[in-house]
Amino acid sequence: MNDATKWYEFRINLPVEAVDDVSAQLSGNFYGGSLALELPVNLAEESATVSPAGTAILKGYICPGTAAEDHVEAVERALWHLRQTGVPITYSVRSIAPEEWLTAWRSFFRPVCIERICVVPGWESSEDTGAPIKIAIEPGMAFGTGLHPTTQLCLLLLQQVPIAGTCCLDLGTGTGILAIAAARLGASRVLALDIDPVAVDAARQNVARNGVEGRVEVREGTLPVAEAFDLAAVNLSSSYFIESSHLLKGALRDGGLAIASGVAEERLDEVLVALAAAGFRPDRLERKDGWVAILARAG
Ligand code: SAH
């Protein structure tokens, strides 16, 4: 039986030298959750040495929802295949309550810097990152800590487009991270939409925490909207763009830009076809860990 509030936690033991490969292969399965690393060393010390066992623990979280059990199976299958290729992996998986996930997640949330933007946990917001733009995020139960590669790609592209004075849309705002980034980069107005009321709550709090409530409006909902934006940041999924690119096109003024992220490398061609059919021209692609973000121009 699927319990819509349960998170799943994977605890994967593996040799330290296999961590990069294995996490790259698994990260796609933890979309909506996270994959975090626990090493038997103090990562803060450069001279840190790995324990004699040389073992790392990867922890991955799968968020609640109807597809959660499918994701659990997909991860188990991927781990099985990795074991067949000779990587000595052992793992356990268990379901955990949302509060437990929150505590676990907090212990893994570290500042992440993408060019000029550093995302820091809300409870460490006084930390000096030296970054020109610091964004403090308290994830609550919402998705969007800046750690997921698809979010990082959006943060990267947001810094590569003309944004000062623009009107922006953040579709699927999660914690509000991209809306806050757009405002901090100079957008004059940002509409942040999410269909999940929990995300809307978290986003409103984060928007206030970062002092951009004057320029960012957070609303429960989705496209279509009765406005035309200069720029849209959309970190959803390949399927969303395949099915709904026309809605995205309808939300942009002629010549407006869309950042379409959350696209899996293996579905890139399908997404590009759908974007073209809706009237977008791709401008640039950015890639990370099997994910692609497309910068596309409307009209
Ligand atoms: N923008 C954040 C969060 C992305 S996760 C980031 O880049 O990190 C996707 C978010 O989109 C979730 O909070 C989910 O509730 C929301 N969402 C999913 N489908 C949506 C849709 N069709 N319209 C609006 N929001 C949607």
Side-chain angles (χ1 to χ4, degrees), residues 4 27-28 30-35 61-68 71 98 105 109 112 114 117 119-122 135-159 168-185 187 190-207 210 216-225 227 229 231-251 258-264 274 286 288-289 291-295:
S27 67
F30 289 103
Y31 186 66
S34 63
L35 191 62
Y61 297 91
I62 290 171
C63 67
T66 46
H71 285 300
W105 179 229
F109 190 176
V112 178
I114 311 293
I117 297 179
V119 183
V120 300
I135 298 178
I137 292 290
E138 182 83 53
M141 297 295 166
F143 180 87
T145 52
L147 292 178
H148 198 276
T150 59
T151 312
Q152 295 191 17
L153 290 172
C154 290
L155 291 173
L156 182 67
L157 281 169
L158 279 173
Q159 293 174 79
C168 296
L169 170 72
D170 172 9
L171 181 65
T173 194
T175 53
I177 186 167
L178 302 179
I180 296 165
R184 296 292 308 281
L185 287 165
V190 187
L191 176 64
L193 294 179
D194 204 295
I195 47 174
D196 176 0
V198 175
V200 170
D201 242 28
R204 284 199 179 122
Q205 286 177 32
N206 283 318
V207 162
N210 288 277
V216 180
E217 182 191 349
V218 185
R219 224 192 273 160
E220 188 177 332
T222 186
L223 296 182
V225 287
E227 265 178 88
F229 296 89
L231 175 66
V234 188
N235 182 12
L236 287 174
S237 63
S238 311
S239 318
Y240 182 82
F241 300 110
I242 291 165
E243 287 155 23
S244 307
S245 285
H246 59 287
L247 291 177
L248 186 55
K249 170 74 167 48
I259 295 172
S261 187
V263 176
E286 292 286 349
K288 192 173 166 78
D289 298 344
W291 297 99
V292 189
I294 304 160
L295 179 66

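Model, not experiment: these values are computed from the prediction. For reference, positions follow the sequence shown, starting with 1. First listed ligand is number 1; within each ligand, the first listed atom is number 1.
Glu217 meets the side-chain contact (heavy atoms from CB on, under 4.5 Å) test with Arg189, Leu191, Arg219; sequence neighbours excluded. With sequence neighbours excluded, no residue satisfies side chain to side chain donor-acceptor pair (under 3.5 Å) with Thr222.
Checking Thr173, Ile259, Asp194 against atom 14 (C) of ligand 1, the nearest heavy atom belongs to Asp194. Considering each of Leu153, Leu236, Ile177, Ile137, the one bringing a non-hydrogen atom nearest atom 17 (N) of ligand 1 is Leu236.
We find the CG-CD1 distance between Leu158 and Ile259 to be 4.0 Å, quoted to the nearest 0.5 Å. Summarising the geometry, atom NZ belonging to Lys249 is positioned 13.5 Å from atom CG belonging to Leu223; distances are rounded to the nearest 0.5 Å. Taken to the nearest 0.5 Å, the CG atom of Leu156 stands 4.5 Å off from the CD atom of Glu286.
Using a 4.0 angstrom heavy-atom cutoff, Gly221 counts as in contact with ligand 1.
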List the steps, then state whether side chain to side chain donor-acceptor pair (under 3.5 Å) holds for Thr150 with Asn235.
-> CA-CA 7 Å; Thr150 59; Asn235 182 12; 3.0 Å; yes
Step by step, work out the side chain to side chain contact (heavy atoms under 4.5 Å, CB included) result for Leu169 and Leu193.
-> CA-CA 8 Å; Leu169 170 72; Leu193 294 179; 4.1 Å; yes
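For ligand 1, the atoms lying closer than 4.0 Å to a non-hydrogen atom of Leu171 are 23 (N), 24 (C). In the vicinity of Thr222, heavy-atom distances shorter than 4.0 Å reach the ligand 1 atoms 21 (C), 22 (N), 23 (N), 24 (C). Close approach to Tyr240 involves these atoms of ligand 1, each under 4.0 Å from a residue heavy atom: 22 (N). Close approach of ligand 1 to Asp196 (heavy-atom distance below 4.0 Å) involves ligand atoms 15 (O).
No N or O atom of Leu193 sits closer than 3.5 Å to an N or O atom of ligand 1.
Using a 4.0 Å cut-off between heavy atoms, Asn235 contacts ligand 1 through both its backbone and its side chain.
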